[in-house]
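We number each residue from 1, following the sequence as shown.
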Amino acid sequence: MRSTEAPSPTLPSEDPIGLQAFAVLLRRMNGEFNRIAQEFAQAQGLHLTDVQALIAVLDDDRDEDAGPMTPGRLRKQLNLTSGAMTACLDRLEKAGHIRRVRAADDRRVVHLHYAEAAKVVARDYFRPLARGTDAARGRFTPDELSVVVRFLAEMNQELAQLRR
């Protein structure tokens, strides 16, 4: 029997650049990053939330426009209660991963900084990930990498919009 329906479009799983393929690959990559972060947290005697806080502080230290990270901004970014944020910062400070520094112009304001010694620990731990990332990058041309960077930046922007 012949069907009068139009042929069905390619299934998402059969389309290597389709939405489903992207979703699967992004989930897998996110899962691997979470596994690595969890292993680092365990090795350091931290919670996964603590590692997420460290990443946020580290990334913020690199963003000169944002200014130093504060507990309030970090709490909002991680969607934690003030009590949970305080407990997280206490653990990180006690373990030597962050420094709390009062602002010179307003002593009520606290800035959070990733401790230099802790950066060395993290750098050593994540060196295999950096090598793997560099190896993967080496298999692409600069033009291809520009597209990848643009895609990742756009994805981060879209994800940030979902938070609002």
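To the nearest 0.5 angstrom, T70 atom OG1 is 7.0 Å from H111 atom NE2.
Shown here for G67 and R73, the closest heavy-atom pair between the two residues is O-NH1, 3.7 Å. Among all heavy-atom pairs drawn from A56 and M69, the shortest one is O-CE, 3.7 Å. Heavy-atom minimum distance, R100 versus T86: NH2-O, 3.7 Å. Summarising the geometry of G96 relative to A115, their closest heavy-atom pair is O-CB, 3.3 Å, with the distance given to 0.1 Å. Scanning all heavy atoms of the two residues, the minimum distance from L58 to Y114 falls at CB-CD1, 3.4 Å.
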Side-chain donor-acceptor pairs under 3.5 Å in residues 75-85, sequence neighbours left out?
unit_1, atom_1, unit_2, atom_2, d
R75, NH1, L80, O, 3.3
T81, OG1, A84, N, 3.1

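More than 12 heavy atoms of other residues, nucleotides or ligands shown are found within 6.0 angstrom of CZ on R35.
Contact check for F33 versus L129: side-chain heavy atoms found under the 4.5 Å cut-off. The closest side-chain heavy-atom distance from L92 to L112 is not below 4.5 Å. Residues L46 and H97 meet the side-chain proximity criterion, which asks for heavy atoms closer than 4.5 Å. Looking only at side-chain heavy atoms (C-beta outward), Q42 and Q38 come within less than 4.5 Å of each other. Side-chain contact between K94 and R91 is absent, with no heavy-atom pair separated by less than 4.5 Å. Between V24 and R28 there is a side-chain heavy-atom pair separated by less than 4.5 Å.
Ion pairing between a basic and an acidic side chain is recognised when a charged N comes within 4.0 Å of a carboxylate O; R127 and D134 show no such pairing.
A donor-acceptor pair under 3.5 Å links the side-chain atoms of D50 to the main chain of H47, judged by distance alone. With N156 contributing its side chain and L152 its backbone, the two residues share a donor-acceptor pair below 3.5 Å.
Residues that satisfy the ring-ring contact (aromatic ring centres under 6.0 Å, His included) test with F22, not counting sequence neighbours, are F151.
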